[in-house]
Amino acid sequence: MTGERTTVATLNRTALTRRLVERLKHDEAVIGGIGNANFDLIAAGHRAQNFYMLGSMGLACPIALGVALAQPQRGVIALEGDGSMLMMLGSLATIANMRPANLTIIIWDNGIYQITGKQATATGGVTDIVALARGAGFPRAEWVRDEAHFDILIDRRFEAGGPVLLAAKIDDKPGKGRQARDPPLIRRRFMEGLGASRD
Ligand SMILES: Cc1ncc(C[n+]2csc(CCOP(=O)(O)OP(=O)(O)O)c2C)c(N)n1
């Protein structure tokens, strides 16, 4: 591993997700990616503004982009695993070019596809997700150095404008909770939570 990545602590997704949710104060929309990102999001306590992506890797960021563009006054946060993010790298370029000032992306980088058996991902090798985001044109992309740094990054994420990408090196622990595997229910609750229900 080279560069800034070598100086960051290995953190825990469950603990960081809890810290994130505790710091939300403005009905922010939070879009959880497939698997562990979702499991820890619901473990931190279900919120009406949470969306849990099921089945498809890499869709937290595209969905969050759509929400951020549709509701520019609302803070929007995407939580995605490194393996899933690697499947949808083009969305970083799209987001950087569309410049939604209200969007934050958090990448949980364990360097493995944890949930399917811990196979290595590219970010477990030489690939640096923060460098990729900067190359895509993100005005701000940073490694989380430790828990206290995470809190500061979350609290001040929009000081220099968005979009922002934060990446944390995390351990190989699985997520703790389980969301309902019911896409229509997840969608309906999310739309209501955002005041966008058409029903
Ligand atoms: C297109 C696609 N390929 C493969 C899978 C199977 N799959 C589901 S989750 C997952 C791993 C996700 O890895 P990552 O995003 O890094 O999260 P982690 O499990 O490490 O927390 C895989 C391979 C899938 N759901 N969709």
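As the structure lists them, so they are numbered: ligands from 1, and atoms in each ligand from 1.
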For the hydrophobic clusters of this structure (ILVMFWY residues joined by side-chain heavy atoms under 4.5 Å, transitively), does one cluster hold both Leu92 and Leu65?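 Leu92 and Leu65: one cluster.
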Is there a side-chain contact between Phe138 and Ile105 (heavy atoms, below 4.5 Å)?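 Result yes, sub-4.5 Å side-chain heavy-atom pair found.
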Could you check whether any heavy atom of Ser56 sits closer than 4.0 Å to an atom of ligand 1, since that is the contact criterion I want to use?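 Flag not set, Ser56 not near ligand 1.
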Using every non-hydrogen atom in the two residues, find where Ala78 and Ala64 come nearest and quote the distance to one decimal.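 Heavy-atom minimum between the residues: CB-CB, 3.7 Å.
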What do we get for Glu80 next to ligand 1 when only non-hydrogen atoms under 4.0 Å count, side chain, backbone, both or neither?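 Neither; no heavy atom under 4.0 Å.
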Winner among Ile34, Thr116, Asn110 once heavy atoms are compared against atom 6 (C) of ligand 1: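 Considering heavy atoms of Ile34, Thr116, Asn110, the nearest to atom 6 (C) of ligand 1 sits in Thr116.
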Electrostatic pair Arg157:Glu28 at N-O distance under 4.0 angstrom: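 Glu28 and Arg157: salt-bridged.
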Do me a favour and list the nearest non-hydrogen protein atom to atom 3 (N) of ligand 1 with residue, atom name and distance?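 Checking every protein heavy atom, the shortest distance to atom 3 (N) of ligand 1 gives Met57 SD, 3.5 Å.
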Can you pull out the closest protein heavy atom to atom 16 (O) of ligand 1? Residue, atom name and distance to 0.1 Å, please.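 Nearest neighbour among protein heavy atoms for atom 16 (O) of ligand 1, to 0.1 Å: Gly83 N, 2.8 Å.
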Side chains of Thr17 and Asp40 only: does a donor on one sit below 3.5 Å from an acceptor on the other?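 On atom types as modelled, these side chains do not qualify, holding no pair under 3.5 Å.
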Indicate whether any N or O donor in one side chain lies under 3.5 Å from an N or O acceptor in the other, for Asn110 and Asp172.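 Side chains of Asn110 and Asp172: no pair found under 3.5 Å.
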Whether over 12 other heavy atoms sit under 6.0 Å from Arg145 CZ: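 Open.
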Relative to the heavy atoms of Ile112, which atoms of ligand 1 are at a distance of less than 4.0 Å?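 Answer, ordered by atom number: 16 (O), 20 (O).
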So for ligand 1, is [X] a polar contact partner (N or O within less than 3.5 Å, distance only)?
X	answer
Thr121	no
Ser84	yes
Met87	no

